[in-house]
Amino acid sequence: MTTEPAALASEPETATAPVADTTDSTVTLQVWRGDPDGGAFAEYSLPANEGEVVLDVVHRLQAGPAPDLACRWNCKAGKCGSCSAEINGRPRLMCMTRVDELPPGPITVAPMRTFPIIRDLVTDVSFNFAMAKLVPAFSPPPPPAEGYRMQQIDVERGQEFRKCIECFMCQDVCHVIRDHEENKPAYAGPRFFIRIAELEMHPLDTNDRRDLVRQQMGLGMCNITKCCTEVCPEHIKITDNAIIPMKERVVDADFDPVGWLGRKILRRSKTSPTETAAISAYPGPSPSAPAG
Amino acid sequence: MATVEKATVSPVTIGGTRGGPDQPTVRKDRWWLQPVVTATVLTSFVVYATWAAFVNKDYYVGATEHRDLISPFYSPCLAGSCVPGSHPHIVLSQWMISPAILILIVPLGFRLTCYYYRRAYYRSFWLSPPNCAVADAHGSYSGETRFPLILQNVHRWFFYLGLILNVILTIDAVVSYNQPGIGIGVTVGSLVLTVNAVLLWCYSLSCHSCRHLCGGQVRSFAKHPIRYRLWKFVTPLNAHHMNFAWASLVFVALTDLYVRLVASGTITDFRLF
């Protein structure tokens, strides 16, 4: 646990990091300092600079009073998705959160709650990469003689989902795993629901992932509280354009009596002739992963 | 030289120690306001609708008042106990309790399984979660994977039935412009019924199931141009589904209240022209 008095913390900062536009006001950050053994908020006060984002202040902390503060960042432009944190209790990108747009008073900066902490503001997000491996890849049919053709309206449909920068804030805020760690092995999360939706809406894809997303990836666990959409820095309509359409596709397959009757009469499978049920290739959650 | 092919994936860590304070939320804003307002409005509506459904009177203004106004809670009035003039030719003569009970199952089911209302009441009543980044109030969670919540998947069936009700309420609105003994004219009541029907259509057509059935379920828009156009039509409506949900909910109660006040003689349905 590292806690420094605010007054003490601000002294080296003014000496080591000259600021372009200082005012009489100060910005106070309560930053989570800790590791898997424990931690606490440490408070730092620095002179406020006009137009700064939270990541700027964190960098000034690293340059001054807290040189050992661990923080993951990269582009500082809201495009790499590295600096996700919980600012005043809400998942946000530190590089896109202006200090002057936050309410007056100390600003709390904590690591993402859903993932195990490594140190300070850095978390282990490998859960997401493990889930990413489980999504069956794009699987086009053999190319026709004239090559693949795709209309612009079909191209545009999936573009929204491709804006995802994998900041994993949607995963962080999703209460299914945020508040219930035991659900992690059976719940892929919003980021991978949009990946699956993107593939399911691709006219050239031949995988049918409906059973997979329902039975193994926990689509039914989502209760549509839309927090993923609220925190998405790319403003992807995760719930309306990906999760609910996927839920409706699951209804098509499993909860639609008219569809079921139609398939019986027409002797059709719920998977179209050009599709392959993706669930057969699903390896399941890692048996080595503890459930709790 | 390391290559992607040679890379090994680290096993995922589940159950590791989390960072941040061990408290329900660090949020400092008034995150509780939204669930409180939602719970208040929904509770008010449920209380009013329950009372209106069971009171079984003052739901129809008929020919004696030179009007043809029926409350949306009681239309179509299918029970044997319906006020003369309020019911169609098909009547369940053995059903003697409030006819509203027969009708309200459909809008109740439609709204209860609606994707927007699910969000609203999961947050405000079930506190799962009360708001974003605020801890779930329950120790365990299985979402909509088990009975009874797996029944949320029947939403589209209530959507179909709701469309039938919308047609009937639209007919009610059109019929209300013909005042018996006077002729065709516009009254405040007929306008109220019209606005109510329009809002209910907006709510139904902006429904996520409607959007899916119109064209969302196809893999290729290019191969289904008509469904693509339908999807393009309902998608902007869908973006306002929450607004239509609230507006139609409040207005359907106000419509019932207006008809009730006119039917009970408390106010007069003013004829505009």
Side-chain angles (χ1 to χ4, degrees), chain A residues 32 34 36 39 41 86 88-91 103 105 108 110-111 113 115-117 123-124 126-127 129-130 133 151 153-154 157 173 175-176 179-181 183-185 200-203 205 218 220-227 230-231 240 244-245 248-249 251-252 255-256 286 288-292, chain B residues 9-21 25-29 31 115-116 118-119 122-123 126 128-129 131-136 138-146 149-157 208-209 211-213 216-223 225 228 238-239 241:
Chain A
W32 186 261
F41 281 117
E86 299 197 0
N88 283 350
R90 303 192 71 166
T108 61
R113 179 78 181 143
F115 308 115
I117 189 170
T123 54
D124 176 4
S126 57
F127 162 78
F129 304 124
K133 287 178 63 182
Q151 298 295 313
I153 51 175
D154 289 325
R157 195 179 187 188
V173 81
H175 73 110
V176 177
D179 300 321
H180 304 283
E181 179 80 13
N183 286 335
K184 275 186 178 173
E200 284 293 296
M201 294 174 190
H202 197 296
D205 185 65
M221 304 272 257
C222 169
N223 65 346
I224 331 172
T225 43
K226 271 195 166 179
C227 290
E230 285 187 23
V231 302
D240 288 329
I244 294 176
E248 285 293 314
R249 284 170 186 242
V251 171
D252 285 342
F255 299 99
D256 186 343
S286 169
S288 60
Chain B
V9 178
S10 303
V12 62
T13 303
I14 293 176
T17 305
R18 295 175 172 206
T25 186
V26 189
R27 285 181 64 166
K28 299 172 180 174
D29 58 334
W31 58 264
Y115 288 102
Y116 170 69
R118 276 146 79 175
R119 168 187 183 247
Y122 283 138
R123 281 193 185 193
W126 198 240
S128 181
N131 211 324
C132 301
V134 180
D136 194 327
H138 303 271
S140 63
Y141 176 85
S142 60
E144 299 176 341
T145 58
R146 299 177 189 166
L149 292 182
I150 198 170
L151 294 179
Q152 303 280 26
N153 289 306
V154 302
H155 180 55
R156 72 172 59 166
W157 300 100
H208 292 84
S209 287
R211 184 182 182 220
H212 175 76
L213 293 165
Q217 66 187 168
V218 302
R219 262 193 191 269
S220 171
F221 283 147
K223 290 179 180 173
Y228 174 62
N238 179 254
H241 190 51

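So that the names make sense, note that chain A is the first sequence line, chain B the second, and so on, each numbered from 1. Model, not experiment: these values are computed from the prediction.
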Nearest-0.5 Å distance, [atom1] of residue [X] to [atom2] of residue [Y]:
X      : Y      : atom1 : atom2 : value
B:H138 : A:H175 : NE2   : NE2   : 9.5 Å
A:I244 : B:R118 : CD1   : CZ    : 7.5 Å
B:S220 : A:I153 : OG    : CD1   : 6.5 Å
B:Y122 : A:T225 : OH    : OG1   : 10.0 Å
A:R249 : B:Q217 : CZ    : CD    : 8.0 Å

| query | Do A:D154 side-chain atoms and B:F221 backbone N/O form a donor-acceptor pair below 3.5 Å? | reply | yes
Where do [X] and [Y] come nearest, in terms of heavy atoms and distance?
X      : Y      : value
A:D179 : B:D136 : OD2-N, 2.9 Å
A:E200 : B:R219 : O-NH1, 3.1 Å
B:G20  : A:A110 : CA-CB, 4.4 Å
A:P36  : B:T17  : O-CG2, 3.3 Å

Heavy-atom contact with chain A under 4.5 Å, split by part of [X]:
X      : answer
B:Y228 : side chain
B:R211 : side chain
B:V134 : backbone

Cut-off 4.5 Å, heavy atoms of chain B, and the answer for A:F255 is both
Validation row: [X], [Y] side chains within 4.5 angstrom (heavy atoms):
X      : Y      : answer
A:D252 : B:H212 : yes
B:V26  : A:R113 : no
A:D256 : B:W157 : yes
B:D29  : A:P103 : no
B:P21  : A:W32  : yes

Taken in chain and number order and not counting sequence neighbours, the residues that satisfy disulfide (SG to SG under 2.5 Å) with B:C132 are A:C227
Please indicate whether A:Q151 has more than 12 foreign heavy atoms, meaning atoms of other residues, nucleotides or ligands, lying under 6.0 Å from its CD. no
| field | Lys/Arg-Asp/Glu bridge criterion (N-O < 4.0 Å) met for A:E86, B:R18 | value | no
Legend entry - Ionic contact status for B:R156 with A:E248, cut-off 4.0 Å: yes
Requested in this report: Apply side chain to side chain contact (heavy atoms under 4.5 Å, CB included) to the pair A:M221 and B:T145, showing each step before the final yes or no.
Outcome: CA-CA 6 Å; A:M221 304 272 257; B:T145 58; 4.1 Å; yes
Check the orientation of A:H180 and B:Y141. Use parallel for under 30°, tilted for 30 to 60°, and perpendicular for over 60°. parallel
Taken in chain and number order and not counting sequence neighbours, the residues that satisfy salt bridge (Lys or Arg N to Asp or Glu O under 4.0 Å) with A:D240 are A:K226
Per-residue tally against chain B (heavy atom, under 4.5 Å) across A:P111, A:P91, A:G218 peaks at A:P111
Counting heavy-atom pairs under 4.5 Å with chain B, the top scorer among A:V251, A:N223, A:I224 is A:N223
